[in-house]
Structure formats: C-alpha cells, structure tokens
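To start, the structure itself, in structure tokens.
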Amino acid sequence: MLEVLNHPLITHKLTQMRKKETGTKDFRENLDEIAELMAYEVCRDLPTRPVSIETPIGPTTGFELSREVVIVPILRAGIGLLDGIRRLVPTAKVGFIGMYRDEETLKPHEYFAKFPSNLDEAIVMVVDPMLATGGSAVDAINAIKKRGAKTIKLVSLVGVPEGVQAVQHAHPDVDIYLAALDDHLNEKGYIVPGLGDAGDRIFGTK
C-alpha cells in the first residue's frame with residue numbers, strides 16, 4: 001500500500017522546507033513537525049487491546065496499544081524524523097541502520113546496525129526523509145527482515161515513482177507513507193523538484 005498524506009499543514013510545512021533559502025533551523029523544525037503529523041496517520045491502524053481501569057468516578061474499560069513500536073531511522077537523515085514520531089509514541093524503542101550511497105553506482109552500503117531484540121513482535125517504522133532510487137530503503141528493510149521483523153512501515157517525506165516501485169517490487173508487504181510524491185529522479189539520482197540533500201540541510205553540512 002502507498003499512502004500520500006495530503007494534509008494542509010503537511011503541505012504548508014513541506015513548502016517551507018523546499019525553499020532553497022530556508023536555513024538549517026527552520027528546515028529541521030518543519031521536518032520535526034511534519035514527522036509528528038505523519039505519525040498520527042501512520043499509527044491509525046495500530047492494534048489495541050482492552051484494559052480495565054479506574055477513573056476518578058469509577059471502573060471502565062479502555063484500550064492500549066497491544067504491540068510495541070520500533071522506529072528505525074536510516075542514518076543519518078532519518079534522525080530528523082525520529083523526535084517527531086517519538087513525541088506521539090513515547091514508548092517506542094529505537095533501532096539504527098547506517099546506509100551510504102556510492103556516488104558513482106548509486107548503490108547503498110550498510111555500515112552500522114543496532115536494533116532492539118523484539119523486532120519479530122513489533123511494528124517497525126523505517127524512517128528516511130527521501131525515497132529516491134529506493135536502494136537504501138530496500139536494503140534497510142532486507143536487514144530488518146533478516147533480524148526477524150514481520151510488520152514494517154516505510155515513512156518518508158518525499159518520494160518518486162521510481163523509488164516507490166523499487167520498494168513495492170522488493171517488499172510488497174511493506175506499507176509506504178509519503179508527505180509528497182514528486183515527479184522523477186534526475187541524472188544524479190536526486191528527486192525533482194525535491195528539496196535538495198535532506199541530510200545536509202538538516203545538519204548544515206553543506
């Protein structure tokens with residue numbers, strides 16, 4: 001499943017991020033706010049279980065999450081989505097996977113991986129602002145599945161059809177959530193119109 005979250009607040013904040021004159025502080029803050037807005041929608045179908053509780057007035061039955069959530073940012077840009085999601089799901093555990101893209105072949109390489117022990121029972125959210133070629137997402141999901149994950153959601157800010165198709169072909173069981181579906185990739189593998197290199201803009205490294 002692909003879901004593009006067409007929400008006015010998300011669209012407004014994404015527009016601010018796309019502007020080339022937007023500085024690191026505003027870029028990072030808008031990304032953080034979009035992550036929280038997206039998390040609300042991504043979590044819409046999380047399973048719950050009934051629980052008996054006492055209110056100040058008397059007993060009742062409420063509902064609580066029945067499965068743990070694990071957030072896995074793809075380093076380094078994925079860190080920009082982490083805090084916004086954790087504000088909405090503060091009990092979520094966090095894993096990390098480091099991927100870098102070969103500038104000549106555009107193929108991703110794993111250089112770091114650290115995960116909680118309960119991936120097989122958890123709902124795992126793989127987060128990365130950009131879904132471009134899809135190579136990093138596909139490889140990250142491969143690595144997470146090898147460690148037992150069965151229920152995976154991919155959460156990205158901006159994607160293109162090429163990246164979506166790559167993930168859907170390799171992992172048809174993974175739901176994809178985007179704030180925007182852009183037009184295409186250019187010859188350097190960047191999203192058009194996109195917003196530039198998300199990692200550089202988040203951390204001010206370029």
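Fair warning: this is a prediction, and the values are worked out from it, not measured in the lab.
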Ignoring hydrogens and geometry, is there a side-chain-to-backbone donor-acceptor pair from [X] to [Y] under 3.5 Å?
| X | Y | value |
| --- | --- | --- |
| Asn186 | Tyr190 | yes |
| Arg87 | Glu36 | no |
| Asp128 | Ser156 | no |
| Arg18 | Gly194 | yes |
| Glu41 | Leu5 | no |
| Arg201 | Met17 | yes |
| Ser66 | Pro47 | yes |

I need the single residue from [options] that forms a side-chain contact (heavy atoms from CB on, under 4.5 Å) with [X]. Which is it?
| X | options | value |
| --- | --- | --- |
| Leu157 | Ile10, Ile191, Leu14 | Leu14 |
| Leu154 | Leu131, Leu178, Val72 | Leu131 |
| Asp173 | Met1, Lys145, Lys150 | Lys145 |

Of all the heavy-atom pairs spanning [X] and [Y], show the shortest one and how long it is.
| X | Y | answer |
| --- | --- | --- |
| Ala113 | Arg147 | CB-NH2, 3.7 Å |
| Gly189 | Ala132 | O-CB, 3.8 Å |
| Val124 | Ala149 | CG2-CB, 4.0 Å |
| Ala143 | Ile97 | CB-CD1, 3.6 Å |
| Val192 | Asp182 | O-CB, 3.5 Å |
| Ala137 | Ile74 | CA-CD1, 4.1 Å |

Determine whether [X] and [Y] fall in the same hydrophobic cluster, where Ile, Leu, Val, Met, Phe, Trp and Tyr are linked whenever their side-chain heavy atoms lie under 4.5 Å apart.
| X | Y | answer |
| --- | --- | --- |
| Leu9 | Tyr40 | yes |
| Phe63 | Leu88 | no |
| Val94 | Phe112 | yes |
| Leu46 | Val127 | yes |

Separation of [Y] [atom2] from [X] [atom1] (nearest 0.5 Å):
| X | Y | atom1 | atom2 | value |
| --- | --- | --- | --- | --- |
| Leu37 | Ile85 | CG | CD1 | 11.5 Å |
| Gln16 | Leu31 | CD | CG | 13.5 Å |
| His7 | Ile34 | NE2 | CD1 | 11.5 Å |

Return yes when atom CG of Asp120 has more than 12 non-hydrogen atoms of other residues, nucleotides or ligands closer than 6.0 Å, and no otherwise. yes

Validation row: [X], [Y] side chains within 4.5 angstrom (heavy atoms):
| X | Y | value |
| --- | --- | --- |
| Lys153 | Ile123 | yes |
| Met130 | Leu195 | yes |
| Leu181 | Pro161 | yes |
| Ile152 | His171 | no |
| Ile53 | Thr60 | yes |
| Cys43 | Met125 | yes |

Strictly below 4.0 Å, N to O, side chains only: are Glu121 and Arg67 in salt-bridge contact? no

Using a strict 4.0 Å threshold on nitrogen-to-oxygen distance, state whether Asp200 and Arg76 make a salt bridge. yes

Under the side-chain contact (heavy atoms from CB on, under 4.5 Å) criterion, do Gln168 and Ile176 qualify, and how do the steps go? CA-CA 9 Å; Gln168 289 178 331; Ile176 303 170; 3.9 Å; yes

Intermediate values then yes/no, side-chain contact (heavy atoms from CB on, under 4.5 Å), Glu110 and Asp139: CA-CA 8 Å; Glu110 178 184 320; Asp139 279 16; over 6 Å; no

Carefully, step by step, assess Ile202 and Phe27 under the rule side-chain contact (heavy atoms from CB on, under 4.5 Å). CA-CA 6 Å; Ile202 291 167; Phe27 188 93; 3.7 Å; yes

The test is side-chain contact (heavy atoms from CB on, under 4.5 Å); show your working for Val70 and Phe115 and say whether it passes. CA-CA 9 Å; Val70 174; Phe115 302 105; 5.9 Å; no

With distance as the sole criterion, is a donor-acceptor pair present between the side chains of His12 and Asn30 under 3.5 Å? no

